[in-house]
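Written below as structure tokens is the structure these notes are about.
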Amino acid sequence: MRIERELMRGAGPVAVLKLLERGEMYGYQLVDALSQRSDGVLAMGQSTLYPMLYNLEAKGWIAARRQRAESGRERRYYRLTERGKRELAKQSAQWQAVASAMEALGVISAPAPAGEVPA
Amino acid sequence: MSAVATNRPASRDRLIFRVLYTPLFDLARGRVRPKMDIQRLIADADLPEPLARLTLEVVRRTRLCVFERVDVAAELIDHFQEGLDAGASSTDLVDRFGNPRDAARLIRRAKKRTRPFVWRALDTFGRGVLLLITLCILLYVVQAIRLHTASQVLQHNYLREWNALALAIPEAERAWPLYHAASIAAPKWPTHRGSDPHPGSIHWPKLTAFVTEHTDILDQYRAATTVASLGAILTSTQPTGEPEENPVFLTVLLPQATVLREAGQYFVVDTYLAAQAGDADRAASNLTALLRAAEHAYEIRLLISDLIGLRLINQACVVLDDLLADHPDVLSDSQLVDLSHRLATVNGGGDLRVRFDSEHAVVNDLLQRLYSDDGHGDGLPRPDMLSTVAGSGSIAPFPGGRWSSYLMPVLSPAMATRREVADKFDRLLSRCELESRQTLWQRQPSVAERELDALKSTRFEQFRYLPISIFMPSLVNASLSAEYVTQRRDATLVAVALQLHHRRHDAWPATLDDLVPHLLPHVPPDRYDGQAIKYRIVDGQPLLYSIGVDRDDDSGRAVDLSTLRPVRRTSSTRAARTWLPPKDEKTAHLRTAPRYPDGDWVLWPIVRD
């Protein structure tokens with residue numbers, strides 16, 4: 001399913017921040033992870049990702065460093081900063097609130113309990 | 001594998017290119033590393049051609065600074081290499097990348113946000129400056145177009161309008177051709193023209209010899225004065241000698257001024273000679289000629305010719321005063337009465353005045369040449385204004401050459417429009433005219449003069465009203481001259497009346513009222529207090545005087561020049577008559593307060609220092 005651009009604009013940064021919460025990653029790795037872990041829902045072209053990374057960097061939420069990988073290739077790794085962590089917590093809470101509200105409205109359904117087969 | 005590296009021109013390996021693309025920091029350390037050569041960077045990455053081309057396109061489109069582009073290129077190269085390593089095809093990677101134009105735009109925007117604050121501040125400042133410069137250029141162009149496209153209309157031909165009266169006089173009834181012929185025939189006047197001829201002057205022997213030798217010239221001048229109208233047609237000539245159709249009124253030639261002054265000198269010298277010889281008719285004829293010449297000068301209606309007219313009247317008065325004092329019996333009663341009537345009615349009689357009509361014409365003529373005309377009395381400065389006026393006055397600090405026209409779009413907004421200049425000039429001139437009608441006893445420091453001084457005292461105002469600051473002269477002295485000559489003329493009329501009274505009664509009158517109404521219609525005023533002109537009998541001889549500029553009666557005592565502080569080279573008459581503001585007790589102690597010469601302005605007999 002293709003996500004509307006405006007929705008993606010809000011979801012993309014928090015998704016990237018969340019991915020970086022576990023540790024530093026480089027660009028291609030982020031694209032790959034976003035695509036795989038969201039079943040392609042949050043897949044974004046590099047033309048969107050890199051500007052987003054630069055924006056997050058400008059805001060001070062992530063930081064980059066170049067490091068030579070085992071393969072011998074130099075990569076630009078991104079990691080979450082302290083400010084990024086606070087921002088992630090704030091945005092996560094907001095998304096949680098939005099999801100709850102949407103659920104209450106019946107826009108989205110609650111996840112099925114374990115073992116229960118959805119109708 | 002086809003890569004950009006294979007397309008890299010061999011020239012990029014040249015040392016000059018390598019140096020050009022090496023950061024200064026490395027160069028300073030003696031290292032030549034072309035890190036800023038993005039093409040080389042992409043080529044060296046050995047990417048498939050579509051990816052290399054895509055990388056280069058995105059990087060170029062970002063229009064970032066070279067270091068940022070190198071950074072973006074390196075990241076994209078890494079990205080594509082990772083993709084290739086992960087088994088993706090170059091076509092897949094290109095497809096998944098998205099629109100390169102959008103990517104470049106977003107990368108540019110995002111990268112700029114990562115720039116340091118100082119850089120962003122400088123960038124904003126630079127953009128502001130650039131915007132300002134662009135705006136200035138735009139304004140300059142718009143103003144230049146306005147100035148160059150505004151039309152100039154020479155609505156008035158002031159010279160033609162000025163000459164209309166003279167042209168209406170039949171040629172045969174014009175005196176000017178006779179004056180002109182005499183002046184051409186006349187040899188050069190033997191002394192400086194400014195000095196008044198007088199039997200006591202050191203040049204007197206030379207002057208008498210000269211006039212005696214050239215009586216033919218004298219006769220020609222005298223004949224010219226018998227013609228009713230001067231009928232002088234004013235002209236202006238181009239450097240080529242051709243007369244101009246509509247010349248600048250300021251450049252009008254006035255040979256009449258020189259010729260009339262010279263004729264006056266002939267009449268003055270010959271009157272003294274005639275009196276010494278006891279030739280009353282010749283003396284009276286010369287004095288009449290002087291007054292007729294004054295009327296001819298007035299006919300021209302220029303300020304300068306009015307001043308020449310005043311000078312001629314003054315000369316007639318001085319000579320007649322001297323004759324009454326030194327040769328009291330030369331002129332007959334009827335000659336004295338006739339001269340007295342002529343003197344009383346010269347230039348219309350009453351208080352003598354100078355007219356400022358010509359100043360009005362001069363400045364308005366300049367305005368129509370220096371400004372465009374919007375058809376409603378307003379207009380913009382002409383692009384060539386500075387170069388036009390540069391020859392007539394200082395326009396410092398601005399240049400007056402042909403380059404000045406390029407400055408006009410910048411300078412013109414600081415200049416007043418045609419209407420503003422015209423209004424200001426009309427206001428100043430009207431005030432001057434009003435003040436010029438005041439007698440010496442009514443006068444206060446000139447407001448018009450103060451306004452004109454204020455206008456000339458600051459560079460901005462001076463430049464804003466350039467035509468006025470350059471072309472409007474101080475008119476106070478001209479109007480004061482008229483007052484001085486009026487006083488001189490009035491004293492001469494009284495002196496004539498005194499002489500006639502003395503002849504009839506063999507005694508001087510006790511008061512001037514005794515002369516009224518048979519010999520004088522009324523006792524003329526002292527121009528410094530508005531009361532009757534002062535009269536005393538000293539050692540059996542009459543004395544006429546004005547209280548003078550110190551405005552107190554010193555019983556007819558002339559100013560002692562040795563008491564003047566600061567010491568001045570002047571005459572007692574000039575010192576006593578030259579107008580100063582009335583005494584003010586409040587400011588009398590100030591250094592700037594005027595110092596009044598102690599003494600009276602002796603009118604008759606004339607005092608010569």
Residues, nucleotides or ligands: over 12 heavy atoms within 6.0 Å of B:R120 CZ: yes
Set of side-chain contact (heavy atoms from CB on, under 4.5 Å) partners for A:V107, sequence neighbours left out: A:M102, A:L105
Side chain / backbone / both / neither for B:D85 at chain A, heavy atoms under 4.5 Å: side chain
More than 12 heavy atoms of other groups within 6.0 Å of A:R65 CZ: yes
CG on B:L106 to CG on A:L49, rounded to 0.5 Å: 11.5 Å
Proximal to chain A - members of residues 124-136 of chain B, heavy-atom separation under 4.5 Å: none
Nearest-0.5 Å distance, CG of residue B:D71 to CZ of residue A:R76: 4.5 Å
Engaged part of B:V58 at the chain A interface, taking heavy atoms whose separation is under 4.5 Å: neither
Side-chain ion pair, B:E75 and A:R75, N-O less than 4.0 Å: no
For B:A110 against A:A58, the heavy-atom pair lying closest together: O-CB, 4.4 Å
Non-neighbouring partners of B:Q81 that pass side-chain contact (heavy atoms from CB on, under 4.5 Å), sequence neighbours left out: A:R73, B:A45, B:L47, B:I77, B:D78
ring-ring contact (aromatic ring centres under 6.0 Å, His included): pairs with one or both residues in residues 45-80 of chain A, sequence neighbours excluded: A:Y26-A:Y77, A:Y50-B:H79
Residue B:A86 versus chain A: region with a heavy atom under 4.5 Å: side chain
A:L53 CG to B:T114 OG1 distance, which is reported to the nearest 0.5 Å: 12.0 Å
Pairwise distance CG(A:L56) to CZ(B:R113) - rounded to 0.5 angstrom: 10.5 Å
Euclidean distance, B:L84 CG relative to A:Y28 OH, rounded to 0.5 Å: 8.5 Å
Crowding at CZ, B:R101 (>12 non-hydrogen neighbours, <6.0 Å): no
